[in-house]
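In the text below, chain A, chain B and the rest are named by the order of the sequence lines, each starting its count at 1.
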Amino acid sequence: MTDTIPAPSTIEQTESPLAFKEDLGAFRLALRSWIERTVPKDWRERHCGGTAEEFARFQRWWFDQLRAARLANSHWPVEWGGEGLSLAHRIVIFEEMARAQAPSAEMFVISLYHLPATLFAHGTAAQRERFLNGVVEQGEVWAQGFSEPNAGSDLASLRTRAERKTIDGRDVYVVNGQKTWSSFGMFADWYLLLARTDLTARKQAGISYFIMDMRAPGVTVRPIRQITGESEFAEVFLDNVEIPAENLIGKENEGWSIAQSTLAAERGLIIFEAVERMAIAFEREVEMGRGTWMKDTAYLREFSALYVKMKSIRLLVRRMLKEVERDPHMGGSETATYIKLGFAVLLQAYNEFMLRVSGFDAQFEKPAIRSAGHHTANRFVDYLSSYSWTISGGSNEIMRNVVAERILGLPRG
Amino acid sequence: MTDTIPAPSTIEQTESPLAFKEDLGAFRLALRSWIERTVPKDWRERHCGGTAEEFARFQRWWFDQLRAARLANSHWPVEWGGEGLSLAHRIVIFEEMARAQAPSAEMFVISLYHLPATLFAHGTAAQRERFLNGVVEQGEVWAQGFSEPNAGSDLASLRTRAERKTIDGRDVYVVNGQKTWSSFGMFADWYLLLARTDLTARKQAGISYFIMDMRAPGVTVRPIRQITGESEFAEVFLDNVEIPAENLIGKENEGWSIAQSTLAAERGLIIFEAVERMAIAFEREVEMGRGTWMKDTAYLREFSALYVKMKSIRLLVRRMLKEVERDPHMGGSETATYIKLGFAVLLQAYNEFMLRVSGFDAQFEKPAIRSAGHHTANRFVDYLSSYSWTISGGSNEIMRNVVAERILGLPRG
Amino acid sequence: MDENELAMLGDSVREVLQSECPHDMVLRHVDGEDLREPLWRTVKDLGWTALSAGEEYGGLGLGPDALALLYRELGTALAPVPLLPTLIASELLYRFGNAEQRSEWLGGIAAGERRVALMQMGATPLRLVRSGSSVKLYGTAEHVLELKGADLALVLARSDEGETARVMIHLQEDGVVAFEQPLVDVTRSFGKLRLDALQLPAGRVLGGPQLEHAIACHGTLAIAADSTGGADTILALTVEYLKTREQFGRLIGSFQALKHRCADHKMALVAAEAILDDAVSSTAADQEAWPDLSAAKVAASEAYAALAQDAVQLHGGIGFTWEHVCHLFLKRAKLNQSLFGSTGWHLDQIGRQLAA
Amino acid sequence: MDENELAMLGDSVREVLQSECPHDMVLRHVDGEDLREPLWRTVKDLGWTALSAGEEYGGLGLGPDALALLYRELGTALAPVPLLPTLIASELLYRFGNAEQRSEWLGGIAAGERRVALMQMGATPLRLVRSGSSVKLYGTAEHVLELKGADLALVLARSDEGETARVMIHLQEDGVVAFEQPLVDVTRSFGKLRLDALQLPAGRVLGGPQLEHAIACHGTLAIAADSTGGADTILALTVEYLKTREQFGRLIGSFQALKHRCADHKMALVAAEAILDDAVSSTAADQEAWPDLSAAKVAASEAYAALAQDAVQLHGGIGFTWEHVCHLFLKRAKLNQSLFGSTGWHLDQIGRQLAA
């Protein structure tokens, strides 16, 4: 397996389907044509398995194409350099990408969702200028440094320390500690870091939110091998890493609430793409399953029940997008919580079902297609990787606590 | 609907199938013949609906027949007036009774199981003499007074008070309080009562175990109407009820552990009959469902999965009976806990399934057959009455706590 | 109707039911103190019987959004009011009746003067024999919803040639024999009609397969909406109970296993509501939008049944008593699962559509 | 074997596997440090390959109880040892082989000199053509269990006349082409054989439908036993983890929702063990005791799969890493669900039996 697609050194603006955005039908056709021109027909075969570096190179290449057509950040508001696309447009994009089985820009999720959501609401003008442009103009990769080995579900008990000091006349935070479960941390240029700035405050209260350069001295990144056999996540060791004081997001010791309020909705947006891809996948399942498992009444009924659940998550995502439209700076809404919990449970149940009805074919070891989201053409890998939704970013258990306590008002345990 | 079966005033010993007990096959035939001679062909039609008094009269009549043939307490050890029947014999009895759809001696469950188990292990010679004979010779009905309105799952927090006093030279306990969920309390002659004798001790420590005369002054019984529309349970109000001191079981303040240790296994024995009847019911379901819901692959598969669960409970009951054979005075074994939890969950799932696949036929209001255990020929009533297993005698939640904490050793919450 | 009008309609329906049909009155209804007839008078006086008829017949011509809202509130209140088949009949006549049929029945129905019973979809049809200007019906009509006290009944019939039709029976005039078939859920009612060789004018026949589809759509939407209302209410009651009941020195609502069960129920309910809202919109836009309705009914009635079953368990002993309202939700939820197509049937509809 | 002998056998199997196949060695096996061949030498030296052959062939002639015990321990250890098809072949030859077949193969198999691979039941059979004293096989044999390193393979074939048979292939001598088909669960292995128009002596054929039944029984029992062993072990590891891991200042094992899930898993496991024990006894008494085995496999493999799936969740991030043993249980559990008949297939067997 080789990967000979050249990574363009500079991005020239190409003809964009956005030129047709006034007419939704025309936009769809233009986008379809753009995808056909841009995405190599054989990318799935070529990116089946392969090294981490090949994956990263292809991701950068794909992101370059999206940037060149101004599609990468088209969901951002116009005032922040995006296109402020409507819900209908975004559905078109996800639908066309999913139908064409185009690559998914997995490595840029934090760059495209978490980073802007955080900076829109809490960043300084200088931070927005530097870092949003960095994504759009340089294709910078961001990762997230929240979890620690002893602060998983109980994120607020994190122990990574950031001490404010003046070194050679510069105001910096000196950071020590260990982070884990950073998606694509090994390819990241920048890091959204939560660290403790006040040791005396209780739990959430003494935590601050930083922008950290992943190339700063003292940063060591080690990939974590997952149960799928691949390494999508990384551990990050921080040894006297200096962060310039201007890279603090919001006020000192207020990082926790910033991180919490901006992230719930962003998870919903990532699920937007994931669930639209799943909806298209249901159509493919029908094509493939017609001659085999779909002939079994019981399995077809189970599949239909999964379809109902999938439909409900799609509709909840639409509801959340309307909420965001009404209030772009909303915090974590109830809807976002339902989407996270419901999608995680669905994704695992759907993949478990497909694994189960696919018989021995799904039991063979074979390379998974990379950059294909949760549809790697390898049932077992898809099933196993569903844990990245049920465990991380607030495990199912944490989400159920949130529903019970914050939404239903049941007393804390 | 009338009930003209005369309640015999005195019981004469009739020819008993037990005469053939040396040969299991002959015993089965003799029992089958006895049932055919004894059980009125039309008892199910005649006891469909009807008043509580008709139910109680029929129960007494049936118990009289069982007593006359020495079958009622045939599972008791020989030394206590029983026949000490083997596991194989008891299976034969339950099988033949279930196949013939003979009545179930529901009203005598405490008399036949909880009372003897308690007195065998903890009663005085005089108590055993008086009260075991009372069951065998007089057909006395016993009820159980454990739960209170504010002590359901948390039984140890019961508040009914028993104070030791001397009144007119007699040593008595004077009892005040309220009990609830006593099965057939309105027909009971005697009561197994848990009451607090030491107010200063914590929780379980200050509780004693008594035999109470239900006809004593100060006892008021009020039936509780259940969601099935019937009243199987009663509330019992205790207003300065005097219990003679000799009716204390075991030592003062040790009632809790006596009650706990003797009851788990007894629940398993009651489930023995219930699950054997359910096994036979599966055969009838097949006959009835063949032309309708069984043609649906998905339903048949669901039914088969229930069959597997039913089989597992039957086997666990057999395991428990072997444990009891090895150690008749065993306390609550792990097996008994699994049987209680597993059977309750199964009973509800099975009845929910049958209700669901039976369509509108099961939705019509119609009288349920009484004295037929959980097989009243009314799907909805069977479904609803399954809660009497999932909630009472240790709710599913309590049983799960027991498995998690006492068996798996997980820490208390 | 726009959002504001809908919200106003919802508020008014809710207020009426809170005052005319609180849960304690439903409990008394269950014990024999009839609430059905008083409620019928209320809905008639308020014009709810006219919701789905056209304005030319005194109706309000409201769409599925208003109906869904009404049915949700009826589910919340556990209202024992025989409104559903009357509204279905009203829609059928308005959409599919000819001029004579409309003018004969529609005004009276919209005015609440004539109450209609409806034979369930999927029930064994009567035999229909046409001869000239009259038809004859043979057999017994089972599973006729809200027959008790009705003036008319729309029964299902099929000719030997395979024509499926609905036939309107005038219960008082036609001399048929009606039997009540009481349900475990006494907030609804079933009956059957024996009408061997009943001769009727041909104008009593409403024909066409689209009729059954319309009945299925309206009924499915109604039961799905009823289920979300019921589920929401019994969940709220259960959560309230968990916040006040103590065992082992703690509020039982603080036990995590119970909390997680409530969270899963809430999740299922929210999912069902999302599908129902969407199904209502698509039905408003396109009355053939079928799989959405099946999905809504599956999601809503399954969420309701699971929740109502667990609600009794979470209430413990008190939930097992006749006096507590828990069992009324459970019984209505279990009936909802089978009314207008069982869950298995609806999943098969979805499956067929997916596999098509 | 009586209970004491069984217990002794169990102890000795457990001790051997604890020393020769601890979980950390299996983890290294997964990373390429082969444990399969060393384990094969161990089981051969210890005579486990001779368990089910008759004594006249150097075997121990042990029944299903001893086999179930062995398979349970192999499941506990996640042992990547290709023993199962060899023991099945040994039983088949002993029960159904003629004198020549027994004497040709059985001694070598019992002595562990000849390792056997087995084509899965239900796989597409090869085409079998008989001509005089020889047979010809056409096609590709898929899903051959433990083909890697095997000396013999028992493949499934069917003649145009509908005769179903098993045919023994000598992998080195017969000149067939073998392909490895690695599984996600690397503690077991699949392969396929291409053998277009392979001519063999007729004595290679073992015939009769009872053969497939015997394979299904042995395989089903083995996988059920493997599943109870695996489930018991991963539950113990999970409970241990819950007793030591802290979050929110508490041991996570004290959270009731997690406790109740563990309790339900334990309940399912205990139920499966009860059915398996009983199935083993009835199979020992009557080798046709089929529905018991299906029930045992359904109960055990479903309990195992649910538990192993939840075990990763309950371990949180650490359970999602390659280095932790959790995923090995999950992968073996998911394979067990489909080996020797899927859960759906076995439920259908039970259903057919019930409906018969």
Counting only non-hydrogen atoms closer than 4.5 Å, does [X] touch chain B with its backbone (N, CA, C, O), its side chain (CB onward), both, or neither?
X: D:R261; result: neither
X: D:A356; result: backbone
X: D:L235; result: side chain

Q: Would you sort out whether D:D185 and D:K334 count as a side chain to side chain contact (heavy atoms under 4.5 Å, CB included), showing the intermediate values?
A: CA-CA 9 Å; D:D185 171 21; D:K334 297 312 280 182; over 6 Å; no
**Q.** Winner by heavy-atom pair count (cut-off under 4.5 Å) against chain B, out of D:L251, D:D277, D:T343, D:D348
**A.**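 Looking at each of D:L251, D:D277, D:T343, D:D348 in turn, D:D348 comes out on top.
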Q: Mind ranking D:L242, D:I275, D:V298, D:L258 by heavy-atom pairs under 4.5 Å with chain B and telling me who comes out on top?
A: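 Option with the greatest count: D:I275.
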Q. Around atom CE of D:M8, are there more than 12 heavy atoms of other residues, nucleotides or ligands at under 6.0 Å?
A.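 No, the 6.0 Å shell around CE holds no more than 12 heavy atoms from other groups.
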(Q) With a sphere of 6.0 Å drawn around CZ of B:R290, does it hold more than 12 non-hydrogen atoms of other residues, nucleotides or ligands? (A)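 Counting other residues, nucleotides and ligands, CZ of B:R290 exceeds 12 neighbours.
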Q. Donor-acceptor pair, D:K266 side chain versus B:Y338 backbone, under 3.5 Å?
A.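 Answer holds: no.
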Q) Between B:N396 and chain D, which part of the residue has a heavy atom less than 4.5 Å away: side chain, backbone, both or neither? A)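 No part of B:N396 comes within 4.5 Å of chain D.
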(Q) Which atoms of B:E405 are under 4.5 Å from chain D, going by heavy atoms: the side chain, the backbone, both sets, or neither? (A)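 Side chain only.
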Q) How are the rings of B:F94 and B:F272 set relative to one another: parallel (under 30°), tilted (30 to 60°) or perpendicular (over 60°)? A)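 Perpendicular: the ring planes of B:F94 and B:F272 meet at over 60°.
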Q.
Taking side chain to side chain contact (heavy atoms under 4.5 Å, CB included) as the criterion, tell me which of D:L221, D:L145, D:L293 meets it with D:F340.
A.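 Exactly one option meets the side chain to side chain contact (heavy atoms under 4.5 Å, CB included) with D:F340, and it is D:L145.
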Q: Heavy atoms only, distances under 4.5 angstrom: which of B:L300, B:T297, B:I313 has the most pairs with chain D? Name it, please.
A: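 Among the listed options, the one with the most contacts to chain D is B:L300.
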